[in-house]
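Lettering of chains follows the sequences in order, A, B, ..., and the numbering in each one begins at 1.
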Amino acid sequence: MLLTTKNLGITFGGLKAVNEVDFEVERGTVAAIIGPNGAGKSTFFNLISGFHKPTTGTVTLDGEDLTNLPAHKTVRSGMARTFQTTNLFMEDTVLDNLIVGHRVRTKSNIFDAILRTPRLRREEKESRERAMESLAFAGVDRLAERTVGSISQEAQKRVSIALALATEPKILLLDEPAAGVNNEETEGLATLIRKLVEHEYTVCLVEHKMSMVMGLADKIMVLHHGEKIAEGEPKEVASNEAVIEAYLGAEEEDDA
Amino acid sequence: MELFLQQLINGIALGSVYSLAALGLTLVFGVLRIPNLAHGALYMIGAYVTYFALTSYGIPYIVAIGISAAVLALIGVIVERLVFHPLRNAPHTHHLIAAVGVLFFLQSGAQVLWGSEFREMPSPFTGVINIFGLNIGQQRLVVIFASILVMAALYWFLKKTVPGQTIEAIEQDRTGASLVGIDANRVSMMTFAISAALAAVAASLVAPINLVFPTMGEALNLKVFAIIILGGLGSIPGAIVGGFALALAEVFSSTYVSNAFSEAIGFLFLLVVLAVRPTGLFSKGA
Amino acid sequence: MDALGRHWKKIALAVIFVISLFVPFFVQNNYFLGVIILGYIWAIATYGLNILLGYTGQLSLGHAGFFGIGAYTVGVLTVGYEFPFWPSLLIAVIASSVLGFLIGIFALRTRNEYFAIFTLGVGFVIYLVIERWEGLTGGALGLIGVPYPEGIGPIQFDGPGSLYYLILGFLILTIYIAWSIANSLVGRSFMAIRNSEELAAATGINVGRAKQLAFAISTGVAGLAGGLYATYIGFLGPAIVNVPTTFEILLYLLVGGMGSLSGPLVGAFLVTTLFQFLQQFEAYRLVILGPLVVIIIIFFPKGLAGLWHAAETRIRKRMNKNPAPDESSESAKEEAR
Ligand SMILES: Nc1ncnc2c1ncn2[C@@H]1O[C@H](COP(=O)(O)OP(=O)(O)OP(=O)(O)O)[C@@H](O)[C@H]1O
Ligand SMILES: [Mg+2]
């Protein structure tokens with residue numbers, strides 16, 4: 001197992017946003033997390049990637065215990081993530097947004113910067129190359145010189161994934177990678193995710209678009225009110241009573 | 001003991017002024033997320049308006065305060081429309097910087113118009129009352145009672161009237177409030193109006209004890225920020241408690257320690273508290 | 001034409017540099033020369049603020065306090081303890097930087113508005129300490145007789161002319177440091193934080209440590225400006241350390257353009273000299289500047305550098321007469337969304 005959580009949970013002022021979730025992701029697979037709005041999916045990602053400190057449980061990546069590490073250290077250990085809303089720097093070029101992605105693998109410091117040491121030059125060059133490679137992988141290298149604000153929503157999603165790739169991760173956590181893009185583009189993003197797995201990355205994604213999840217995921221976990229209510233292959237989960245109920249229930253709550 | 005009680009009364013009077021001024025600041029922050037660094041300048045202008053109403057037009061003190069509150073409410077609305085409304089989607093640094101611009105303008109405008117001399121504000125309440133052997137200036141009692149009155153009125157307005165409740169609604173839940181159709185623009189203007197009026201009342205009440213001059217809001221500005229941070233940005237009870245706490249700490253440390261220390265105590269306390277609790281003493285979460 | 005187009009920045013820089021070298025020859029009047037020197041000193045202080053606010057996105061309102069730490073360290077050591085100037089300046093820079101680093105440990109636990117107000121408090125407390133610690137700082141009366149720097153080899157610093165070159169040298173050093181930070185992975189980390197702390201952390205940047213570093217550099221540069229100010233003016237009073245000085249530095253940065261390399265120099269130099277030469281407006285200075293700040297932050301939040309950049313882009317577009325057709329249609333398509 002590449003990623004394992006045991007009993008992972010967090011409480012926000014009495015609300016159990018994530019409640020003792022056991023979860024595993026096998027290397028080289030796609031795992032999906034689904035659930036109604038407010039189920040705790042993003043919070044689960046925040047727990048795994050060190051943005052929130054869990055109140056219970058542990059997180060292990062590739063045998064390494066990440067439970068109480070701050071976010072930037074989880075990245076060093078191979079965790080990369082995207083956010084539900086893109087927060088790239090809109091006025092900068094795509095490439096400039098990407099170069100810093102490799103920073104976590106570099107060592108040059110302020111003195112290297114001021115003295116313009118060979119190490120700085122080498123690492124700058126590496127970071128630039130890594131950025132271009134990641135963009136090419138995500139299929140957006142031709143947009144490298146454009147400002148992020150001027151490219152399409154779908155392209156921005158790809159750039160976000162490229163940024164995560166630039167950190168040289170073992171696993172990518174993608175929070176709603178296909179939110180706000182049309183069906184055709186969603187298909188394109190699904191293809192990109194398949195390509196990630198073919199290149200031996202591991203992917204864990206949160207997504208509301210069922211067609212995408214069903215076609216991609218090797219396994220699915222369903223969260224509801226912070227709890228894991230089902231887990232398994234797409235077909236099993238789709239026919240699971242509790243899941244259907246949770247979704248119908250959530251719809252009723254929304255209607256009320 | 002006598003000194004202690006005397007200073008206690010002074011501290012409560014000063015605390016009422018701090019609380020009033022801090023209430024205005026914390027309202028604007030709570031509702032609009034704007035740290036209005038120009039609040040001290042509005043306070044100063046409020047004192048001048050009362051001063052001129054009193055001396056140039058012979059308007060009675062209490063009425064003059066009312067006029068000053070109204071004028072400042074108008075100025076508050078103008079500042080909101082011209083400066084902060086256009087910046088409503090800008091990053092917080094821009095709010096702070098714009099507020100600094102307003103501060104520059106009001107403070108140096110006062111200096112140009114009215115000169116930098118210190119003016120004494122005449123108040124009808126010059127007498128001294130003797131209670132239990134303590135000599136208490138009438139003006140101090142006026143400050144205390146007037147402040148309590150204004151705070152009670154504010155409380156009533158926020159809790160019991162419809163416009164007041166819209167302010168509270170937005171303060172508690174911005175998106176939810178806009179969903180139920182509350183006009184954010186109106187609330188925004190109203191909040192600024194109330195905030196500036198509160199500053200005007202605070203300044204007009206304390207001016208007969210201190211003096212009126214263009215930089216009179218400078219130290220206060222920093223102090224009210226200290227108060228509302230301690231009380232939790234946006235918290236109304238926090239502003240009141242913080243105002244009295246700071247005033248008492250100042251008064252007693254100037255009596256029993258030193259003047260310089262009493263000036264710094266608010267800030268030292270502020271720095272210590274924030275160092276330990278980065279989001280203030282009474283804030284939720286974090 | 002094309003070569004000029006491509007290299008005009010370097011050419012312009014070279015021209016400005018040569019002009020700056022000859023300034024003392026054109027400007028024989030010591031008063032005017034003094035105005036320019038002060039403009040340089042404030043520019044250095046503004047570069048300090050730019051590293052924190054412009055690059056890293058953290059608004060410190062205690063900048064004048066650290067300027068004051070630098071100024072008073074030089075003042076107290078040279079006047080009070082008869083230290084030579086050069087080691088005093090070095091100590092001043094180190095002291096303001098280390099103090100910034102230490103205060104940053106606490107200040108940077110706070111965020112956004114809280115950070116601005118925390119640093120405002122820090123600045124004010126530094127001011128109070130300087131104003132009240134009479135035994136050390138001379139209190140409200142200040143320190144008189146801060147000496148000029150000792151000569152280095154054959155070069156003597158004995159008047160505005162030679163000090164001009166000294167301070168120009170420090171200004172160029174500061175600009176170089178700012179440039180080298182902006183054009184390095186360190187600077188990219190700062191700017192990532194300015195854009196989004198969350199995203200920066202998600203790309204593996206140690207946000208806390210990077211901010212701490214930016215803060216220490218920023219206060220160190222402020223201290224350098226303060227130390228130079230002390231020796232150039234020769235007199236120190238507490239007013240210069242007070243909060244309004246921070247606001248003025250902020251204004252310089254705003255006019256010039258936050259986050260740009262040229263902004264601090266342009267803004268500080270322009271605003272200080274403009275107002276020195278328009279002495280009759282002295283009283284109205286802030287009455288004019290206040291609304292100006294508001295107008296700039298609302299309509300031109302990137303200052304002159306931003307306006308310049310926009311103009312440059314427009315000219316460039318006009319000069320590239322035939323852009324690739326597919327690209328323009330694509331951008332039109334995207335704008336339509
Ligand atoms: N920092 C926080 N503090 C308090 N409550 C929070 C915090 N973050 C999330 N929550 C709460 O935790 C619950 C789960 O939120 P989360 O964002 O994880 O849901 P989600 O499954 O990602 O929903 P969506 O599909 O809408 O993105 C919600 O009730 C939310 O209000
Ligand atoms: Mg979510």
Side-chain angles (χ1 to χ4, degrees), chain A residues 46 49-51 70-77 79-83 85-92 96-116 120-121 123-124 126-127 142-143 146 148-153 155 160 163-164 166-169 173, chain C residues 51 55 57 97 101 173-214 216-218 220 259 301-302 306 309-310 313 324 326-328 330-337:
Chain A
N46 285 337
S49 55
F51 278 81
H72 67 268
K73 287 197 177 150
T74 68
V75 181
R76 185 161 306 157
S77 303
M79 187 87 70
R81 68 171 296 184
T82 64
F83 291 90
T85 48
T86 12
N87 42 12
L88 298 162
F89 186 37
M90 293 294 161
E91 291 163 33
D92 235 339
D96 277 330
N97 267 278
L98 257 279
I99 291 174
V100 79
H102 198 59
R103 174 64 176 145
V104 64
R105 304 287 166 217
T106 61
K107 294 203 165 55
S108 53
N109 55 31
I110 181 75
F111 300 106
D112 293 292
I114 292 171
L115 303 172
R116 309 310 286 178
L120 177 89
R121 286 165 200 276
E123 290 185 347
E124 294 262 333
E126 276 169 17
S127 301
R142 71 196 166 85
L143 301 176
R146 299 273 297 274
V148 173
S150 76
I151 65 176
S152 71
Q153 187 76 37
S160 300
L163 179 58
T167 65
E168 299 185 0
L173 311 179
Chain C
I51 288 169
Y55 294 169
S97 184
F101 186 85
L173 177 70
T174 307
I175 295 176
Y176 169 74
I177 290 174
W179 173 84
S180 65
I181 291 172
N183 290 285
S184 73
L185 288 167
V186 177
R188 284 183 190 277
S189 307
F190 290 174
M191 291 174 214
I193 292 168
R194 175 186 66 189
N195 169 43
S196 158
E197 282 186 29
E198 228 177 19
L199 189 61
T203 50
I205 292 165
N206 186 338
V207 173
R209 215 179 57 193
K211 282 193 200 170
Q212 185 91 20
L213 177 65
I217 298 170
S218 158
K302 290 191 191 135
H309 187 73
T313 322
D326 60 342
E327 200 170 320
S328 67
E330 185 177 287
S331 65
K333 197 175 83 188
E334 271 154 18
E335 266 163 21
R337 283 180 206 197

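- Note: A/His72 leads A/Met79, A/Arg121, A/His72 in heavy-atom pairs under 4.5 Å with chain C.
- Contacts of C/Ile205 with chain A are made by both backbone and side-chain atoms, with heavy-atom separations under 4.5 Å.
- Considering every non-hydrogen atom in both A/Ile110 and C/Ile217, the closest pair reads CD1-CD1, 3.5 Å.
- Contacts with chain C were tallied for A/Asp96, A/Asn109, A/Thr74, A/Leu120; A/Asp96 has the most, counting heavy-atom pairs under 4.5 Å.
- Interface summary for chain C: among A/Lys73, A/Glu91, A/Arg81, A/Arg76, the most heavy-atom pairs under 4.5 angstrom belong to A/Glu91.
- Here C/Leu185 is the residue among C/Leu185, C/Ile177, C/Thr203 with the most heavy-atom pairs under 4.5 Å with chain A.
- In plain terms, the two heavy atoms of C/Ala202 and A/Val75 that are nearest each other are O-CG2, 3.4 Å.
- The CG atom of A/Leu98 sits 10.5 Å away from atom CZ of C/Arg188, with the distance rounded to the nearest 0.5 Å.
- Of all heavy-atom pairs spanning C/Ser180 and A/Arg116, the tightest one is O-NH1, 2.9 Å.
- The two residues A/Ala113 and C/Val186 have their closest heavy-atom pair at CB-CG2, 4.5 Å.
- Proximity to chain C (any heavy atom under 4.5 Å) is shown, for A/Leu88, by both the backbone and the side chain.
- Heavy-atom distances place both the backbone and the side chain of A/Phe89 under 4.5 Å from chain C.
- Under the rule for a salt bridge (charged side-chain N to carboxylate O under 4.0 Å, His left out), C/Glu198 has no partner lying at least two apart in sequence or in another chain.
- Rounding to the nearest 0.5 angstrom, the gap separating the CG atom in C/Asn195 from the CG atom in A/Asp92 is 8.5 Å.
- The CG atom of C/Asn183 sits 8.0 Å away from the CD atom of A/Glu124 when rounded to the nearest 0.5 Å.
- Looking at A/Ser108, both its backbone and its side chain come within 4.5 Å of chain C, counting heavy atoms on both sides.
- Around the CZ atom of A/Phe51, the shell of radius 6.0 Å holds more than 12 heavy atoms that belong to other residues, nucleotides or ligands.
- For C/Ser189, the parts sitting under 4.5 Å from any heavy atom of chain A are the backbone and the side chain alike.
- Two residues are said to be in side-chain contact when any heavy atoms from C-beta on lie closer than 4.5 Å; A/Thr86 and C/Leu199 fail this criterion.
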